[in-house]
2 protein chains.
Amino acid sequence: MSDETLGDSVTTKVEPLQVSLSPQERFSEYLQSRGLRQTNQRKFLIDQVFSQHDHFDAEELIERLPRRGEQNYVSTATVYRTLRECVDAGLLNCFQLDGRTVYDHDYGYPQHDHLYCTRCRKLLEFQSDELIAIRDSVAALHGFRVESHRMIIQGICRECSRSRRKKRKQDLV
Amino acid sequence: MSDETLGDSVTTKVEPLQVSLSPQERFSEYLQSRGLRQTNQRKFLIDQVFSQHDHFDAEELIERLPRRGEQNYVSTATVYRTLRECVDAGLLNCFQLDGRTVYDHDYGYPQHDHLYCTRCRKLLEFQSDELIAIRDSVAALHGFRVESHRMIIQGICRECSRSRRKKRKQDLV
DNA sequence: CTGATTGCAAATTCTTTGCACCATC
DNA sequence: GATGGTGCAAAGAATTTGCAATCAG
């Protein structure tokens, strides 16, 4: 499993899964299966979205794309439309955080949840089988058929705790 | 504990806590402590918000308030402003769901999480000590100082499963 | 009285939509 | 060459904000 474990079901690292198709290929299949088209905009966006494993929102994505007039420019509307298609295709997951919609790689990564640092706004991932077990117990108790879940732990990350401590020391000197 | 239990730390009911002050009184204290004022609008809104234990969003609240021109009318802006004060005062909790901000009674109720039926959009509450334990383990593993968390289990509630099943039977007949 | 509060309307922010033109299948 | 896709600008939805009038302490 991973380097640090607690009991045997909580891991600190969320590692990529082995998948037979790349996100690009998988998206192609999705498009084909629905009679949708393979456009340059869609291809370019998928490449961008999967070029790094990270969380992002529409604004952040748009920011790192070419501007209007530049090569490979994609309009805002198309970005939003494509993001939604990615979610439908199972490539991305999305959830609301602080009022914005955050997208998260779904395809190629195991189900996981998040730690959210309210100071630096970083999202960390974690994975816990126990959490899933509890989820299922709770659902069973309510006769609830689970489709998915989302857990976000808010707080202060290690780095932010450290820098806060440092600052305080300096203040005292 | 409650009527149904699973292990000893998951309960189906989230019961009110004993609190020494009513939400109204507690809000008064909050206002006083900050040199804010006790207005009719604020009093009226708190009464409305705590008249029933339920989740709601700003729109739903506004819908059941008096209209413009009627007695006790409160403007949209004031509703939003007061909701935020309630959150600051610790009376309400809020979180994002399907793009809207949902408010939840915090004061007078134990910490709890939610089951969300994607068919009827109902929110059910549950409480699990085990969940908290896992949260704390995960956080510890990451050197993360927990402030709060939010877990939402999405799926289909018992009632919606039933009616779906009924429909299918009828379809077959 | 003085500063906080309110209502109103305008402004924001994020996202979606209508439509004419364009491109894939 | 049909149909779906794109860019653009305008429309929406949900909140927030500026400001003058009003009100609580």
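Below, chains carry the letters A, B, ... as their sequence lines are ordered, and counting in each starts from 1.
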Earlier contact from the 5' end, DNA chain C, for Q38(B) and Y73(B): Q38(B)
Audit row: E147(A), T118(B), side chain to side chain donor-acceptor pair (under 3.5 Å) steps and yes/no: CA-CA 9 Å; E147(A) 285 172 349; T118(B) 54; 3.1 Å; yes
Ring geometry between H55(B) and H114(B) (parallel below 30°, tilted from 30 to 60°, perpendicular above 60°): perpendicular
Ring geometry between H105(A) and H53(A) (parallel below 30°, tilted from 30 to 60°, perpendicular above 60°): tilted
Closest listed nucleotide, where the reference is the side chain of R37(A) and the choices are dT24(C), dA14(D), dG7(C): dT24(C)
For DNA chain D, the residues among residues 40-48 of chain A that have a non-hydrogen atom under 4.0 Å from it: Q41(A), R42(A)
Cluster link L92(A) to V74(A), ILVMFWY, side chain under 4.5 Å: yes
Hydrophobic cluster identity match, F144(B) and I156(A), side-chain contacts under 4.5 Å: no
From E60(B) atom CD to D57(B) atom CG, the distance as rounded to the nearest 0.5 Å: 4.0 Å
Gap between atoms CG and C1', on D57(B) and dA13(D) respectively (whole Å): 12 Å
Distance, rounded to the nearest Å, where L31(A) contributes CG and dA23(C) contributes C1': 15 Å
Distance-only donor-acceptor pairs under 3.5 Å for side chains of residues 26-36 of chain B, two or more places apart:
unit_1 : atom_1 : unit_2 : atom_2 : d
R26(B) : NH2    : A89(B) : O      : 3.2
S28(B) : OG     : Q24(B) : O      : 3.2
S28(B) : OG     : Q38(B) : NE2    : 2.9
S33(B) : OG     : E29(B) : O      : 3.4
S33(B) : OG     : Y30(B) : O      : 2.8

Distance below 4.0 Å between T39(B) side-chain N/O and dT6(C) OP1 or OP2: yes
Path from M151(A) to V102(A) over hydrophobic side-chain contacts below 4.5 Å: no
Nucleotide dG3(C), atom P - distance to CG of L36(B) in whole Å: 15 Å
Interatomic distance where OH belongs to Y30(B) and P belongs to dA4(C) [whole Å]: 14 Å
Flag, side chain of N93(B) to backbone of D106(B), donor-acceptor distance under 3.5 Å: no
DNA chain D contacts made by residues 77-105 of chain A, counting heavy atoms under 4.0 Å: A77(A), T78(A), R81(A)
Distance, rounded to the nearest Å, where F27(A) contributes CZ and dG5(D) contributes C1': 12 Å
Whole-Å gap separating P (dA14(D)) and CZ (F56(B)): 16 Å
Spacing between R34(A) atom CZ and dT24(C) atom C1', to the nearest angstrom: 19 Å
